[in-house]
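These numbers come from the heavy atoms of this one structure, side chains and all, not from hydrogens, waters or symmetry mates. All chains are named by letter (A, B, ...) in the order of the sequence lines, taking the proteins before the strands, and each is independently numbered beginning at 1.
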Amino acid sequence: MRPPEGSDYSCRSSIPRSERPPRMRGQMAGVDLDVLRHSAAHLMAAAVCELFPGAEYAIGPAIEEGFYYDFLLPEGARISDSDLPNIEQRMREIQGRDPAYERLEVDRDAALLEFNRRSQRFKVELIERIPEGELITCYRTGDFFDLCRGPHVGRASQIPAFRLLHTAGAYWHGDESQPMLQRVYGTAFPSASELEEYLQRVEMARQRDHRRLGRELDLFSLPEELGGGLVLWHPRGAVVRTVMEDYWRREHQRAGYQLVYTPHLARERLWEVSGHLGFFADEMYGPIAVEGDRYRVKPMSCPFHILIYRSRPRSYRELPLRLAEIASVYRFQRSGTLHGLLRVRGITQDDAHIFCTEEQAEEEIVGVLELASEMLSRFGFKELEVDLSTKPAKAAGEDRMWELAEAALDRALRRRGMEFKVNPGEGAFYGPKVDIHIRDAMGRRWQCSTVQFDFNEPERFDLEYIGPDGAAHRPIMVHRALLGSLERFFGVLLEHYGGALPFWLSPEQVRLVTVSDDQLPYALEVVAALEARGIRASRPRPGETMPAQIRDGEMAKVPYLAVVGRREVEAGQVNLRDTRGGSKTLVGVDELAARLAEETEQA
RNA sequence: GCCGACGUAGCUCAGUGGUAGAGCAGCGGUUUCGUAAACCGCUGGCCGGGAGUUCGAAUCUCCCCGUCGGCUCCA
C-alpha cells in the first residue's frame, strides 16, 4: 500500500535535507563544535531575553550546521530577519561583559520553583518529564538561567565567530496542536575564517539549486498558473528525461521485466478494494463524477498491475512475473511542503511489481538490488547506504510470511555484499522493506530505491497462481522503485552535477562555434555528421562573435564546443574545447564522431 | 495547514506618498571577429490580485493568491 517510490514518504521534513552530512559535526581544530554552538545558542537566548523582556525560551540545541533556539515572545512581539543584526549586536555586548557559563546542580523542587518564578512554562514542562532521581543541572550565564545538561564553554568570550542566519516558525515538540514558537537559527565556528568558509559554501549550494539551474538551463518550470507541485518539462529537460527513460526501459527489459501502460484514473471502488481509500486517502485527490460513478486519480500503480496479473488464471510456470511502468501518479501534498522538483504533486514513478513464489523471493530481491546498484552507479552514485526495516508493532500478514520476507531481504543483501543497517520495527504495516540512499556531491543523503514486500494487497485482491500440485497458492508481491520519482531524481542529479550533466545525459552534447559566419556551411556539415552518429549536436548562431558563442556555450554547460575557423575548414577538423576538462584539441570530424559515440557508450 | 519573510520587465535587482528605472535577455541595424560578453538603437510593466486610507499609492492598512525559509537534529 505504501508507495514504492522514494520521492516523498521517506522524509519527515519538507526538504530532504534532513539527511545531512556528518562532516560539520564534532571536533574541529581541537574545539568541540557542538559545545561551542550550544553555548552560542545560550548566548543568543540571553540576548533575546534582554531585548524582549518576558520571552519564554523552549529548547536550543546544537545542530548539524549550527544551532537554534525556540522562543515564545510576549503578546504582539515577533522576531523577523531584520532583528537578527540587533540580536547579534546584543550578543557581542554580552560577550563584552564576558559572563562565565556557571554549572549548577539543583534538586527538582528548587528547579521547578525557579522556573515557575521566571514564568518559563516550557522549562517547567521539561523538568516534569525528567525521570525521578535523575540529576538536574542548570547553567547561569549572567542573568540568563537555563535548564541544561551542558557542557558549555567557560566564558562567553570563548565563542570566537557566530552569525544568526534566519528565523522560522516551529511547533513546540513539532506538534501542530502545540503553540507555534519562533525559532532563530544561527551558526558558530572556532574562527572567523571558518565561518566565512561556511557562508561561502552555503552560497555555492544556492548557486546549484536545481530550481535556479532549471530556469537558467531552460530545463523545466513550475509556473504558478499551472498549480503547485506540477512540472512542465521543457524541450531540453525532456531530452534528458527521454535519455533516462530509454536507459531505464532497456535495463528493465534486459532484467526480465515486461513493460506495461495503465491509465490515470480508476473507479473509486478499486481504491476501496486496494485499501488506498482507507490508508492513503489523505494523499488522494477527490472524486470525479463519471456517468453517476465516482473515479479517482491514481496515487500509485499497484492496483493496476494487480488487475493485469489477475486478468487470467496464472500458472507457477509464468512466475516470476515482473511488470514495470514509468507511471504518472498524483498525490496531494500540503502546500508548505512542496519544493521544486524535490517534492511535487505530479510524480513520475519508476514503478514495478514482482509477483513470484515464496521460493523465488530471495532471487528476485537479489535481482532488484543488482539492477538498482547498476543504475544508480551509471548515474554517478557509487556510494550507497542501505536500510532494512523490519516488522512493526501493527502489521498485516502472517508471522511466517514476515520471517520469510525478512530472511529473503537479509540474505539477498549479504549475497550482494551490501552493507546495511537494520531498523527494527520500521517496516510498513504490509511488509518489510529495503531502502537505498545515495550521497550527492555535497554529501547530502537522498533516498532513491525502495524494495517492499506486500502481504496486504494480494490478500485484498485474492491473487493466486496454480502450483505444480494443481492447487491455488497466494503469490508473493514486491513493490519496487529504483530512481524513486523522475522529478526528484532529476533534481538531485542537477544539484549533484551543478547542472553540468554527464555527457550521455547532456541535452546538448556538442555545440558548433564559428570564428566568422564564413564557416557556417562547414559547421552545418559537421552537425549533420555528428547527428548521423546519434550525437546531440547544435548549430552556431550566425552573427555572434566567437567569444560570445564560447561564453554562451560555457554557460549552457555544453560538454564540448567545436570551434571551426578557416584553418579547421581547410583541414577538415574542429578545434574541440572540453568545457569540463578545459583542454583544447584539434581533431578530424570522423574521429570526433567516433570518439563521442564511444563516450556515450561508456559513460 | 501553521509561523516568518518575500512578490516591480523573461532573469537579477534599484526605486519608502508626487510622471515606473538599470543591467542582462529579446528585437532591428552595423560589425565578420581565433577560445567566457563587439557596437548603436528599439521594444517590453494592471509594481502578484482585490478592497481601503489619501488630492495622489509600487510605496501606508486589510483580505486573498503565490514563492521562499522552517515546523524535535529533544534540557
For a quick check of understanding: with a heavy-atom distance under 4.0 Å over all strands, which category does [X] fall into, base, sugar-phosphate or nothing?
{"X": "A:R211", "answer": "sugar-phosphate"}
{"X": "A:R183", "answer": "sugar-phosphate"}
{"X": "A:A170", "answer": "sugar-phosphate"}
{"X": "A:L165", "answer": "nothing"}
{"X": "A:E134", "answer": "base"}
{"X": "A:Q120", "answer": "nothing"}
{"X": "A:L576", "answer": "nothing"}

- Task: Could you pick out which residue, A:V564 or A:P547, lies toward the 5' side of RNA chain B when each is mapped onto its nearest nucleotide?
- Result: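 Result: A:V564.
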- Message: Assuming nearest nucleotide by heavy-atom distance, tell me which of A:M546 and A:R334 is located more 5' along RNA chain B.
- Response: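 The residue closer to the strand's 5' end, by nearest nucleotide, is A:R334.
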- Hey, does the Lys NZ or Arg CZ of A:R37 hover above the aromatic six-ring of A:F67, less than 6.0 Å from the centre and inside 45° of the axis?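 Checked: cation-pi criterion not met.
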[X] [atom1] - [N] [atom2] separation (whole Å):
{"X": "A:H38", "N": "B:C73", "atom1": "NE2", "atom2": "C1'", "result": "13 Å"}
{"X": "A:R541", "N": "B:A25", "atom1": "CZ", "atom2": "P", "result": "9 Å"}
{"X": "A:Y69", "N": "B:C3", "atom1": "OH", "atom2": "C1'", "result": "19 Å"}
{"X": "A:L72", "N": "B:G4", "atom1": "CG", "atom2": "C1'", "result": "15 Å"}
{"X": "A:R580", "N": "B:A36", "atom1": "CZ", "atom2": "P", "result": "17 Å"}
{"X": "A:E568", "N": "B:G34", "atom1": "CD", "atom2": "C1'", "result": "8 Å"}
{"X": "A:I550", "N": "B:A38", "atom1": "CD1", "atom2": "C1'", "result": "15 Å"}
{"X": "A:E544", "N": "B:U35", "atom1": "CD", "atom2": "C1'", "result": "15 Å"}

- Counting side-chain heavy atoms from C-beta on, which of B:G34, B:U32, B:A36 comes nearest to A:V515?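 For the A:V515 side chain, the nearest candidate turns out to be B:G34.
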- Query: Quick one: which of B:C33, B:C73, B:C3 gets closest to the side chain of A:P61?
  - Reply: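 For the A:P61 side chain, the nearest candidate turns out to be B:C73.
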So, under a plain 3.5 Å distance rule, would you say the side chain of [X] forms a donor-acceptor pair with the base of [N]?
{"X": "A:D518", "N": "B:U32", "answer": "no"}
{"X": "A:N575", "N": "B:U35", "answer": "yes"}
{"X": "A:Q333", "N": "B:G1", "answer": "no"}

Using OP1 and OP2 only, check whether a side-chain N or O of [X] sits under 4.0 Å from [N].
{"X": "A:R551", "N": "B:A36", "result": "no"}
{"X": "A:R215", "N": "B:U12", "result": "yes"}
{"X": "A:Y185", "N": "B:C71", "result": "yes"}
{"X": "A:H339", "N": "B:G69", "result": "yes"}
{"X": "A:T167", "N": "B:G4", "result": "no"}

In whole angstrom, give me the gap between the [atom1] atoms of [N] and [M].
{"N": "B:C63", "M": "B:C3", "atom1": "P", "result": "11 Å"}
{"N": "B:G26", "M": "B:G1", "atom1": "P", "result": "38 Å"}
{"N": "B:A36", "M": "B:G18", "atom1": "P", "result": "46 Å"}

With both distances under 3.5 Å as the test, what is the Watson-Crick or G-U wobble partner of [N]?
{"N": "B:G18", "value": "B:C55"}
{"N": "B:G45", "value": "none"}
{"N": "B:C24", "value": "B:G10"}
{"N": "B:C62", "value": "B:G50"}
{"N": "B:C73", "value": "none"}
{"N": "B:G34", "value": "none"}
{"N": "B:G4", "value": "B:C68"}

- Taking the inter-plane angle between the rings of A:Y139 and A:H152 on a 0 to 90° scale, is it parallel (under 30°), tilted (30 to 60°) or perpendicular (over 60°)?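 Perpendicular: the ring planes of A:Y139 and A:H152 meet at over 60°.
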- Query: Can you say whether the rings of A:F189 and A:Y198 are parallel (under 30°), tilted (30 to 60°) or perpendicular (over 60°)?
  - Reply: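 It falls in the tilted class, 30° to 60°.
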- Taking side chain as C-beta onward, heavy atoms only, is A:R539 less than 4.5 Å from A:L512?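 A side-chain contact is absent here, since even the closest heavy-atom pair is not under 4.5 Å.
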- Query: Among A:F115, A:Y57, A:Y101, whose ring-ring contact (aromatic ring centres under 6.0 Å, His included) with A:F145 holds?
  - Reply: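 That would be A:F115.
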- Message: So that I can tick it off, tell me whether A:E554 and A:R577 are bridged by a salt bridge, with the cut-off set at under 4.0 angstrom between side-chain N and carboxylate O.
- Response: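 A:E554 and A:R577: salt-bridged.
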- Query: For A:Y560 and A:F503, what are the C-alpha separation, side-chain angles and deciding distance, and is it a ring-ring contact (aromatic ring centres under 6.0 Å, His included)?
  - Reply: CA-CA 9 Å; A:Y560 293 109; A:F503 182 78; 5.7 Å; yes
- Message: Checking side-chain polar atoms at under 3.5 Å, does A:T348 have a donor or acceptor matched by the opposite partner on A:E487?
- Response: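 A:T348 vs A:E487: donor-acceptor pair found between side chains.
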